[in-house]
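Inspection log for the structure reproduced underneath, given as structure tokens.
Since we're looking at a predicted model, the values are computed, not measured. Side-chain atoms are counted along with the backbone in the values below, which use heavy atoms only and exclude waters and symmetry mates.
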Amino acid sequence: MDSHHPSPEYSSLLLAGPRAGALKQAHARLVVTGHSRSLPLITKLATLAVAAGAAPLLSAALPFSSFTFTAVAKACADLSAIRTGTAIHTHSILLGFGSDRFVLTSLLVLYSKCGQLGVARKLFDSIRDRSVVAWNAMISGYEQNGLAERGIEVYKEMQAAKVVPDSMTFVATLSACAQAGALDLGREVEKRIVSERMDISVFLGSALVNMYARCGVVDKARRWFDALQERNVVTWTSMIAGYGMHGHGHEAIKLFHLMRREGPPPNHITFIAVLSACAHSGLVMEGRDAFACMKRIYGLVPRVEHYCSMVDMFGRAGLLDEAMQFISDYMPGEPGPEVWTAVLGACKMHKNFNLGVEVAERLIALEPENPSYHVLLSNIYALSGKMHHVEKVRNTMIKRRLKKQIGFSLIELGGISHLFRMGEMSHPQTTEIYQYLEELIHRISAAGYIPETESVLHELEEEEREGALRYHGEKLAVAYGLMMSVGSTTPIRVIKNLRICGDCHLAIKFMSAVENREIVVRDKHRFHHFKVGKCSCLEYW
DNA sequence: TTAGGGTTAG
């Protein structure tokens, strides 16, 4: 600025003088005309503001920079303060930072942490010359919000755009693969990491262990675990959880003991993994021990998840009385729906209908609009043969317009995912698939398979009841996988978004035997490894 | 000097 010829802005400040109201107007003018970052102008403004006794004006007048916005946006993201964050976003545009890529990336993160993926994606698309950081933030944004497939798409777009990935790209993408069960892509990423001789940080190492564990290749996960230079609590927890998820409870406990001897101290999440592993393998004594040492040795106060796991463990083992006792003796406060769901699961498993109905009704009273509780109640009624009650629950659901989640199964062949809903007809090879499935059902029936008709009663929609069992998505997906790989020995891998039903579980056991193929199904919560007519879950699901 | 990361389960 030429001090001999004051600019109009400078003049307007002089004109305003030490008067708060006039200074506010002058400041607004600076902002609007884009001079709010001019140090001489701001200094003059500050001097006059102090003279006017209007110091609070000052903080608002401090010069803004991209640093200000990234710092504040990050703070908002950490606090999930979306309202303040949105205000910051507006300010950044008004003050001329609307296309700053640092600011835009930090806002992208803010919106994705607050679950607003649509806005995050718009910001991402608006960034010119996106840095690798922006790409990574978008991939992990989708992944963290449960939209792993979208994250994978972004990774593929990134490859197509020839952006050079860094280790964080791989960490985020591996996490997306783990969530989506995209083993093929996970392996591809692993190949890149290895061939580029990338430094395997503890983050990247944990991501690899986690990917293999959650994609159903536990031994490969363990090989990575053993090969890592550095392991932290997350690495250990991923591996233990991996064992638990696959029904290898003893391995999980063994690793947990090793961790206690020579690893980092376990945390809350480690204990959830350990307790769940015990619950799914019938290791009640080991679970009790773990729960006790959690408080006594590690000073960790059990949370509702831990209580749930304990109840779940007792329940699965058929110790319903102990489960109820545990709730009343140990759980502080009123037990919430999570705990009752665990009890209900046990009632269903061990055919304790009276307690089951009581608990289900209690759950519906707690959350009347939650469709899954109605489904559970109807399952209990169906199991106990009270068909008129099943019908009643069904009618309630229709009246309240409660829909249960639509199930689907995925199978990945040659890097392409094929999706099957129940009775799926849109696949180009539909006719062949159904024909193959029919033959398969014929052969497993000859081997002794009898459909579990009670499962069909769980289906609440009218159209689903018509021969529904026969054409569940998982059966179609498995049939497709088998049909497309006759003569091969590689396992068939299917991912399902809900829990597998009893009938499909039985049918796939038979399929694994008559086709002599290993079939791996990942359902909403666990893995089922079917091999020569047996499943790794040992019916503990 | 600014922006991005790995874990549980129902």
Tabulate below the donor-acceptor pairs under 3.5 Å that side-chain atoms of residues 329-342 of chain A make, not counting sequence neighbours, or state none.
from, atom 1, to, atom 2, distance (Å)
A:Asp329, OD1, A:Gln325, NE2, 3.4
A:Asp329, OD2, A:Gln325, NE2, 3.3
A:Thr341, OG1, A:Pro337, O, 2.7

Integer-rounded Å distance: B:dG10 P and A:Tyr307 OH: 18 Å
Out of B:dG6, B:dG10, B:dA3, whichever nucleotide has its closest atom nearest the side chain of A:Phe102: B:dA3
DNA chain B contacts made by residues 106-125 of chain A, counting heavy atoms under 4.0 Å: A:Ser106, A:Val109, A:Lys113
Ring geometry between A:His528 and A:His505 (parallel below 30°, tilted from 30 to 60°, perpendicular above 60°): perpendicular
Using a 3.5 Å cut-off and no angle test, enumerate the donor-acceptor pairs between side-chain atoms of residues 211-227 of chain A and protein atoms at least two apart in sequence or in another chain.
from, atom 1, to, atom 2, distance (Å)
A:Tyr212, OH, A:Glu190, OE1, 2.5
A:Tyr212, OH, A:Glu190, OE2, 3.4
A:Lys220, NZ, A:Glu190, OE2, 3.4
A:Arg222, NE, A:Asp226, OD1, 3.1
A:Arg222, NE, A:Asp226, OD2, 3.3
A:Arg222, NH1, A:Tyr243, OH, 3.1
A:Trp224, NE1, A:Glu190, OE2, 2.7

Atom pair CD1/CD of A:Ile82 and A:Gln116 - distance to nearest 0.5 Å: 4.5 Å
Phosphate-side-chain proximity, A:Arg214 and B:dT8, N/O vs OP1/OP2 below 4.0 Å: yes
Face-to-face contact A:Phe271 to B:dT8 six-ring, under 5.5 Å, under 30°: no
Sequence neighbours excluded, every pair satisfying ring-ring contact (aromatic ring centres under 6.0 Å, His included) that has a member inside residues 248-267 of chain A: A:Phe256-A:Phe271
Touch class at under 4.0 angstrom, heavy-atom based, for A:Glu305 against every strand present: base
Length of the CZ-C1' vector between A:Phe225 and B:dG6, whole Å: 14 Å
Touch class at under 4.0 angstrom, heavy-atom based, for A:Lys524 against every strand present: nothing
Donor-acceptor pair under 3.5 Å, A:Ser309 side chain vs B:dA9 base: no
Close approaches to DNA chain B from residues 186-210 of chain A, in residue order (heavy atom, under 4.0 Å): A:Ser201, A:Val202, A:Phe203, A:Ser206, A:Asn210
Pairs touching residues 161-182 of chain A that satisfy side chain to side chain donor-acceptor pair (under 3.5 Å), sequence neighbours left out: A:Asn136-A:Asp166, A:Asn136-A:Thr169, A:Glu143-A:Gln179, A:Asp166-A:Thr169
A:Arg316 side chain, from C-beta outward: closest of B:dG10, B:dT7, B:dG6: B:dG10
Candidate nucleotides B:dT8, B:dA3, B:dT1, ranked by approach to the side chain of A:Met245 - the nearest: B:dT8
Side-chain ion pair, A:Glu322 and A:Arg288, N-O less than 4.0 Å: yes
Review item, side-chain donor-acceptor pairs of residues 147-155 of chain A, under 3.5 Å, at least two apart:
from, atom 1, to, atom 2, distance (Å)
A:Arg150, NH2, A:Tyr142, OH, 3.3
A:Tyr155, OH, A:Arg192, NH1, 3.1

Sugar-phosphate only, base, or nothing, as touched by A:Glu143 at under 4.0 Å among non-hydrogen atoms: sugar-phosphate
Side-chain-base donor-acceptor pair under 3.5 Å for A:Asp312 and B:dG10: no
Among B:dT8, B:dG5, B:dG6, the nucleotide that comes nearest once only the side chain of A:Met168 is considered: B:dG5
Validation: residues 259-267 of chain A side-chain donor-acceptor distances under 3.5 Å, sequence neighbours left out:
from, atom 1, to, atom 2, distance (Å)
A:Arg260, NE, A:Tyr298, OH, 3.1
A:Asn267, OD1, A:Ile269, N, 3.0
A:Asn267, OD1, A:Thr270, N, 3.0
A:Asn267, OD1, A:Thr270, OG1, 2.9

Residue pairs fulfilling salt bridge (charged side-chain N to carboxylate O under 4.0 Å, His left out) with at least one residue in residues 105-128 of chain A, sequence neighbours excluded: A:Arg121-A:Asp125, A:Arg121-A:Glu157
Distance test, side-chain N/O of A:Ser238 to OP1/OP2 of B:dG6, below 4.0 Å: no
Gap between atoms CD and C1', on A:Gln179 and B:dT7 respectively (whole Å): 13 Å
Rounded distance in Å - CG (A:Asp523) to C1' (B:dA9): 12 Å
Atom pair distance, as rounded to whole Å: CH2 in A:Trp224 and C1' in B:dG6: 14 Å
A:His268 side-chain N/O to B:dA9 phosphate OP1/OP2 under 4.0 Å: no
Candidates B:dA3, B:dT8, B:dG5 - which lies nearest the side chain of A:Ile272: B:dT8
Atom pair distance, as rounded to whole Å: CZ in A:Phe170 and P in B:dG5: 17 Å
Distance, rounded to the nearest Å, where A:Tyr142 contributes OH and B:dG5 contributes P: 16 Å
Spacing between A:Met313 atom CE and B:dA9 atom C1', to the nearest angstrom: 15 Å
Charged N-O contact under 4.0 Å between A:Lys496 and A:Asp523: no
Closest listed nucleotide, where the reference is the side chain of A:Ile269 and the choices are B:dA3, B:dG5, B:dT8: B:dT8
